[in-house]
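As structure tokens, the structure follows; a few thoughts come after it.
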Amino acid sequence: MEKVKYYLVNASILPEVYSKVIDAKNYLAAGDAKSASQAAKMAGISRSAYYKYKDAIFEYNGEDSDETVTISAKLKDNAGVLSALMNELYTAGANVLSVNQSVPVNSVADVSVTVRVTEIVVSLAQLIENIKSLNGVNSVKLI
């Protein structure tokens, strides 16, 4: 099996069909198109062009890497503690991307929450302090 190589290329030098494939994929992901055929039509390409390139071309958004943080917390195994943490993130304007919680051991669960923070209305330091002050949160840190 041959190893796959990837290149990061300025889109302006590529044939227009590649950016249209990205458009079609975005239409599908956003729910604007119900099928690949509809997405290809909306993007102005043939269905065969979409299928030819869809698994080989991806949009790179370098700004996204700076927009996300992972919060690690130890939460007491009490009803509503995780919900209170999620509510605090919502109130701050953070967009939750993933949540991973372990099974509680000695009545404490490890929780890892990855959030997009581009639109938060408080500083990260204040957000962490707000989470620390929640009832049932033993510890919290950015990782």
Side-chain angles (χ1 to χ4, degrees), residues 1-12 14 16-45 47-143:
M1 189 164 132
E2 187 178 327
K3 184 178 176 182
V4 177
K5 289 184 179 181
Y6 292 97
Y7 299 102
L8 187 59
V9 180
N10 185 324
S12 68
L14 296 173
E16 186 178 17
V17 67
Y18 295 143
S19 63
K20 289 184 176 191
V21 169
I22 293 295
D23 291 344
K25 289 172 72 170
N26 289 337
Y27 292 140
L28 280 169
D32 295 335
K34 304 295 183 221
S35 67
S37 290
Q38 185 181 14
K41 186 175 183 177
M42 290 170 68
I45 57 173
R47 196 174 64 117
S48 63
Y50 171 77
Y51 280 111
K52 181 176 181 178
Y53 298 117
K54 77 175 183 70
D55 294 327
I57 189 159
F58 305 93
E59 187 169 24
Y60 173 74
N61 191 349
E63 296 88 40
D64 283 349
S65 61
D66 294 334
E67 298 175 355
T68 60
V69 298
T70 300
I71 298 168
S72 176
K74 292 190 179 294
L75 307 181
K76 290 181 183 173
D77 184 22
N78 296 337
V81 177
L82 181 58
S83 179
L85 171 66
M86 292 297 135
N87 187 58
E88 190 61 43
L89 293 169
Y90 168 77
T91 301
N95 180 18
V96 176
L97 302 174
S98 71
V99 179
N100 189 3
Q101 179 177 343
S102 70
V103 174
V105 176
N106 298 324
S107 297
V108 175
D110 290 319
V111 175
S112 174
V113 183
T114 302
V115 295
R116 183 167 288 123
V117 294
T118 52
E119 297 184 21
I120 63 171
V121 294
V122 298
S123 69
L124 283 176
Q126 184 61 55
L127 177 60
I128 296 302
E129 288 304 312
N130 293 350
I131 294 170
K132 283 181 182 176
S133 71
L134 296 173
N135 189 24
V137 175
N138 287 355
S139 68
V140 64
K141 64 181 178 181
L142 290 176
I143 54 173

### Message
In the structure I gave you, are the side-chain heavy atoms of Asn26 and Glu59 within less than 4.5 Å of one another anywhere?
### Response
yes
### Task
State, yes or no, whether a side-chain contact exists between Val17 and Lys52 at a heavy-atom distance under 4.5 Å.
no
### Query
Counting only N and O atoms by type, is there a donor-acceptor contact under 3.5 Å from the side chain of Lys25 to the main-chain atoms of Ile57?
yes
### Query
With a cut-off of 6.0 Å (strictly less than), are more than 12 heavy atoms of other residues, nucleotides or ligands near CG of Asn10?
yes
### Task
Hey, could you give me the NZ/CD1 distance between Lys54 and Ile45, rounded to the nearest 0.5 Å?
12.0 Å
### Query
Partners of Tyr50 by ring-ring contact (aromatic ring centres under 6.0 Å, His included), sequence neighbours excluded?
none
### Summary
Taken to the nearest 0.5 Å, the spacing of Met42 CE from Leu28 CG works out to 9.0 Å
### Query
Do Thr70 and Thr114 have side-chain N/O donor and acceptor atoms under 3.5 Å apart?
yes
### Query
What's the spacing between Glu88 CD and Asn130 CG if we round to 0.5 Å?
4.5 Å
#### Entry: Any Leu134 side-chain heavy atom under 4.5 Å of Val81 side chain
no
### Summary
Rounded to the nearest 0.5 Å, the CD1 atom of Ile71 sits from the NZ atom of Lys141 at a distance of 13.0 Å
#### Entry: Test item: Lys74 and Asp110 side chains (from C-beta on) under 4.5 Å apart, heavy atoms
yes
### Query
Do you know which of Val69, Leu89, Ile131, Leu97 makes side-chain contact (heavy atoms from CB on, under 4.5 Å) with Val113?
Leu89
### Query
For atom OH of Tyr90, is the number of surrounding heavy atoms from other residues, nucleotides or ligands below 6.0 Å larger than 12?
no
### Task
Return the minimal non-hydrogen interatomic distance between Asp23 and Ala43, and the atom names on each side.
CB-CB, 4.1 Å
### Query
Do Tyr6 and Leu8 have side chains that get closer than 4.5 Å, going by heavy atoms?
no
## Note on the structure
Scanning both residues in full, the closest heavy-atom pair of Ala39 with Tyr27 reads O-CD1, 3.8 Å
### Summary
Minimal heavy-atom distance between Leu82 and Gln101, with the atoms involved, is CD2-OE1, 3.1 Å
